[in-house]
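Written below as structure tokens is the structure these notes are about.
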Amino acid sequence: MSQLLKATNLSHSFDTLLFENVDISLNPKESISIIGRSGSGKSTLLHICSSFLKPNEGSVELFGGDLYSQKQTYIEALRRYDIGIIFQFHYLFKGMSGLENINIATLLSGEEIDNEILKRLQIEDCINHKIGELSGGQQQRVSIARVLSKKPRIIFADEPTGNLDNQTASLVMDVLLDYIQEYNAGLMLVTHDTNLASRCDRTYLLENQSLK
């Protein structure tokens, strides 16, 4: 089984050192979670692993290739087809319907809108409404459907349930875990919710500038 992600000896700092000598990996059908206090570098680590931030030191391999030695066009293609990013804030186009927002992503990736995912996320009845007409929880589920509908090989989720109630958060986690099993994908989750983190195959704690 080939690894989806292998990060080795990662170190990064801004004004101060966030972490150093971090190793992390992800296999198909596997979920990992990263927990830690605010400001510990969890989101930074996720951004490094997902192609959006080159580390000060260390290497990241995605799908067997050295990520940051690739040309920008290759990295952009990874983001379009193979990497799915779920943020805490949905970043949807408010003048469009939920369906139109999802359709943008599927058109770019060459996939079709997955009606089964809409059903699993319980948004099939509101998907034609404008984003401004949807609740915050509905908007977040639309953004998740937008990511999953393009069929990524890795999902990077940065506090994806931070603005959701417990029941909806559990539903979203069910959908993400089912997705990686069905599509032979992987999930890297950053969260403050220890209950969600415990549902992953492995949980890492980022503290004192190291990953444990």
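No hydrogens, no waters, no symmetry mates; every other heavy atom, side chains included, goes into these values. All residue numbers in this chain count up from 1 along the given sequence.
Residue Ile117 holds its CD1 atom at 9.5 Å from CD1 of Ile123, rounded to the nearest 0.5 Å. Of the inter-residue distances, the one linking Leu196 atom CG with Ser170 atom OG reads 7.5 Å to the nearest 0.5 angstrom. Here the straight-line distance linking atom OG1 of Thr191 with atom CD of Glu159 works out to 4.5 Å at 0.5 Å rounding. Once rounded to the nearest 0.5 Å, the distance linking CG of Leu78 with OG1 of Thr73 reads 10.0 Å. Distance check: Leu17 CG to Ser210 OG gives 10.0 Å after rounding to the nearest 0.5 Å. Rounded to the nearest 0.5 Å, atoms CD1 (Ile32) and CG (Asp201) are 9.5 Å apart.
Considering only heavy atoms from C-beta on, Ile34 stays 4.5 Å or farther from Thr203 through its side chain. Taking the side chain as every heavy atom from C-beta outward, Ile24 and Met188 approach each other to under 4.5 Å. With contacts defined as side-chain heavy-atom distances shorter than 4.5 Å, the pair Ile131/Gln139 qualifies. For the pair Phe19/His12, a side-chain contact is recorded, criterion being any heavy-atom separation below 4.5 Å from C-beta on. With a 4.5 Å cut-off on side-chain heavy atoms, Tyr179 and Leu187 do not count as touching. Contact annotation: the side chain of Ile48 approaches that of Leu10 to within less than 4.5 Å [non-hydrogen atoms, C-beta and beyond]. At a threshold of 4.5 Å between non-hydrogen side-chain atoms, the residues Val22 and Tyr204 do not count as touching.
Listed here is the closest heavy atom pair of Cys200 and Ser31: CA-OG, 3.2 Å. When all heavy atoms of Arg153 and Leu4 are compared, the pair lying nearest together is O-CD1, 3.6 Å. Pro160 and Ile86 get closest at one heavy-atom pair: CB-CG2, 3.6 Å. The nearest pair of heavy atoms linking Met96 to Asn101 is CB-ND2, 3.6 Å. Heavy atoms only, all atoms of each residue included: Ala185 and Pro152 are closest at CB-O, 3.8 Å. Summarising the geometry of Gly41 relative to Leu206, their closest heavy-atom pair is C-CD2, 3.4 Å, with the distance given to 0.1 Å.
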Review point. Given Leu118 and Glu116, is the side-chain contact (heavy atoms from CB on, under 4.5 Å) satisfied, shown in steps?
Key: CA-CA 5 Å; Leu118 304 184; Glu116 182 61 28; over 6 Å; no
**Study point:** Evaluation steps, salt bridge (Lys or Arg N to Asp or Glu O under 4.0 Å), between Asp114 and Lys151
**Key:** CA-CA 9 Å; Asp114 192 327; Lys151 301 298 188 296; 3.0 Å; yes
Point to revise | side-chain contact (heavy atoms from CB on, under 4.5 Å) evaluation trace for Cys126 with Leu134 | key: CA-CA 8 Å; Cys126 65; Leu134 302 180; 3.9 Å; yes
Exercise for review: Verify side-chain contact (heavy atoms from CB on, under 4.5 Å) between Phe14 and Thr44, making sure each step is shown before the conclusion.
Suggested key: CA-CA 10 Å; Phe14 292 112; Thr44 298; 3.6 Å; yes
Exercise for review: Start with the C-alpha gap between Arg141 and Gln122, add the side-chain angles, then the distance that decides, and say whether side-chain contact (heavy atoms from CB on, under 4.5 Å) holds.
Suggested key: CA-CA 8 Å; Arg141 280 176 283 158; Gln122 299 180 6; 3.8 Å; yes
Check your understanding: What do the steps show when you test Asn195 against Ser198 for side-chain hydrogen bond (donor to acceptor under 3.5 Å, both in side chains), and what is the final call?
Key -> CA-CA 5 Å; Asn195 290 326; Ser198 68; 5.1 Å; no
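Both Tyr183 and Ile113 are members of a single hydrophobic cluster when ILVMFWY side chains are connected at heavy-atom separations under 4.5 Å. No chain of hydrophobic side-chain contacts below 4.5 Å, direct or via other Ile, Leu, Val, Met, Phe, Trp or Tyr residues, connects Met173 to Ile154. The hydrophobic clustering, which links ILVMFWY residues whose side-chain heavy atoms are closer than 4.5 Å, places Leu99 and Ile144 together. Residues Tyr81 and Ile180 are members of separate hydrophobic clusters, defined by side-chain heavy-atom contacts under 4.5 angstrom among Ile, Leu, Val, Met, Phe, Trp and Tyr. Ile155 and Ile75 are members of different hydrophobic clusters when ILVMFWY side chains are connected at heavy-atom separations under 4.5 Å.
Legend: residues meeting side chain to side chain donor-acceptor pair (under 3.5 Å) with His129, ordered by chain and number and at least two apart, are absent. Under the rule for a salt bridge (Lys or Arg N to Asp or Glu O under 4.0 Å), the partners of Glu30 that lie at least two apart in sequence or sit in another chain are Arg202. With sequence neighbours excluded, the residues that form a ring pair (Phe, Tyr, Trp, His ring centres under 6.0 Å) with Tyr91 are Phe87, Phe89.
A donor-acceptor pair is defined here as one N or O able to donate and one able to accept, closer than 3.5 Å; such a pair exists between the side chain of Gln138 and the backbone of Ser135. Checking side-chain atoms of Ser33 against main-chain N and O of Ala197 turns up a donor-acceptor pair under 3.5 Å. Of the possible donor and acceptor atoms, one in the side chain of Arg79 sits under 3.5 Å from a partner among the backbone N and O of Ser51. Glu111 contributes no side-chain N or O that, together with a main-chain N or O of Leu107, makes up a donor-acceptor pair within less than 3.5 Å. In this structure, the side chain of Ser69 engages the main chain of Asp66 through a donor-acceptor pair within 3.5 Å. In this structure a side-chain-to-backbone donor-acceptor pair under 3.5 Å is missing from Lys150 to Thr106. Between the side chain of Thr161 and the backbone N or O of Leu164, no donor-acceptor pair lies under 3.5 Å.
For Asp158 and Lys42, the salt-bridge test fails: no basic side-chain N is under 4.0 Å from an acidic carboxylate O. The pair Arg120-Glu182 meets the salt-bridge criterion, with a side-chain N (NZ, NE, NH1 or NH2) lying under 4.0 Å from an Asp/Glu carboxylate O. Between Glu207 and Arg37 there is no salt bridge, since no side-chain N of the basic residue sits under 4.0 Å from a carboxylate O of the acidic one. Salt bridge annotation for Asp174-Arg199: present, with a cationic side-chain nitrogen under 4.0 angstrom from a carboxylate oxygen.
Around the CD atom of Gln167, the shell of radius 6.0 Å holds no more than 12 heavy atoms that belong to other residues, nucleotides or ligands. In the displayed structure, Asn9 atom CG is contacted under 6.0 Å by more than 12 heavy atoms of other residues, nucleotides or ligands.
In the hydrophobic clustering (ILVMFWY side chains linked at under 4.5 Å, chained through shared members), Leu205 is joined by Ile35.
Counting only residues at least two apart or in different chains, side-chain hydrogen bond (donor to acceptor under 3.5 Å, both in side chains) contacts with residues 14-24 are absent. Among residue pairs with one or both ends in residues 34-77, none qualify as ring-ring contact (aromatic ring centres under 6.0 Å, His included); sequence neighbours excluded.
With Leu5 as the partner, the side-chain contact (heavy atoms from CB on, under 4.5 Å) test is satisfied by one option alone out of Leu67, Asn27, Leu62: Leu62.
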